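Heads up: the structure comes next, in structure tokens.
We're numbering straight along the sequence, starting at 1. Just so it is clear, the structure is predicted and the values come from calculations on it, not from any experiment.
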Amino acid sequence: TDTDVSVGVTEGDALYFLVDANGENSSDGTKWDPVITYGVSNVASQQFSSVQGHSNWYYQEWNGNSYVNMVWDNLNQFWQGSQPWLVVASNWQHPSP
């Protein structure tokens, strides 16, 4: 599914990109490279990093009460959540079941 969304933001706003498994996670890999323009363009794949907060990008998951940071997997070069399939990579994501 192609997505073309424009949302007005102001300085200091936090943007969250949510990937949902819709009940189960088979074949739910998501290839997505959002571009955020606020004075300058911020392209997720170009600014992807192993450091939380680098270029104001954070890699997090919802634990039922709040957003918590995911853990960097140096071997696979992606962010790992609390579930095996919960992953954020440079240009794709996968939700947990």
Side-chain angles (χ1 to χ4, degrees):
T1 302
D2 290 331
T3 304
D4 184 11
V5 177
S6 293
V7 177
V9 297
T10 58
E11 186 174 354
D13 284 353
L15 303 174
Y16 295 91
F17 301 101
L18 305 176
V19 178
D20 190 350
N22 289 325
E24 59 97 13
N25 69 347
S26 62
S27 301
D28 275 348
T30 302
K31 293 187 183 220
W32 192 41
D33 192 13
V35 176
I36 301 168
T37 303
Y38 185 79
V40 297
S41 289
N42 296 287
V43 181
S45 63
Q46 293 174 5
Q47 295 172 316
F48 184 77
S49 171
S50 63
V51 177
Q52 290 282 7
H54 177 75
S55 296
N56 276 331
W57 288 99
Y58 292 86
Y59 309 93
Q60 300 179 320
E61 67 175 300
W62 180 253
N63 69 4
N65 296 310
S66 62
Y67 288 97
V68 295
N69 289 344
M70 298 170 80
V71 175
W72 178 251
D73 180 329
N74 197 49
L75 177 66
N76 293 302
Q77 298 291 294
F78 57 56
W79 289 95
Q80 178 68 59
S82 61
Q83 301 294 315
W85 285 103
L86 182 53
V87 172
V88 176
S90 64
N91 65 351
W92 63 275
Q93 301 84 39
H94 197 284
S96 67

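A distance-only check finds no donor-acceptor pair linking the side chain of Gln47 to the backbone of Ala44 [under 3.5 Å]. A donor-acceptor distance shorter than 3.5 angstrom exists from the side chain of Trp79 to the backbone of Ser49, with no hydrogens or angles considered.
Under the 4.5 Å side-chain criterion, counting only non-hydrogen atoms from C-beta, Trp72 is in contact with Gln77.
From Leu15, atom CG reaches atom OH of Tyr58 across 13.0 Å, with rounding to the nearest 0.5 Å. Of the inter-residue distances, the one linking Asn91 atom CG with Phe78 atom CZ reads 13.0 Å to the nearest 0.5 angstrom.
For Tyr67, the ring-ring contact (aromatic ring centres under 6.0 Å, His included) partners two or more places apart in sequence, or in a different chain, are Tyr16, Trp62.
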Would you please test Gln80 and Val87 for side-chain contact (heavy atoms from CB on, under 4.5 Å) and show each step? CA-CA 5 Å; Gln80 178 68 59; Val87 172; 3.9 Å; yes
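The aromatic rings of Trp85 and His94 sit tilted relative to each other, their planes meeting at an angle between 30° and 60°. Between Phe48 and Tyr59, the ring-plane angle classifies as perpendicular under the 30° and 60° cut-offs.
Of all non-hydrogen atoms in Asn65 and Asn63, the two that sit nearest each other are N-OD1, 2.8 Å.
With Gln60 as the fixed residue, the side-chain contact (heavy atoms from CB on, under 4.5 Å) test singles out one of Val88, Asn69, Val68: Asn69.
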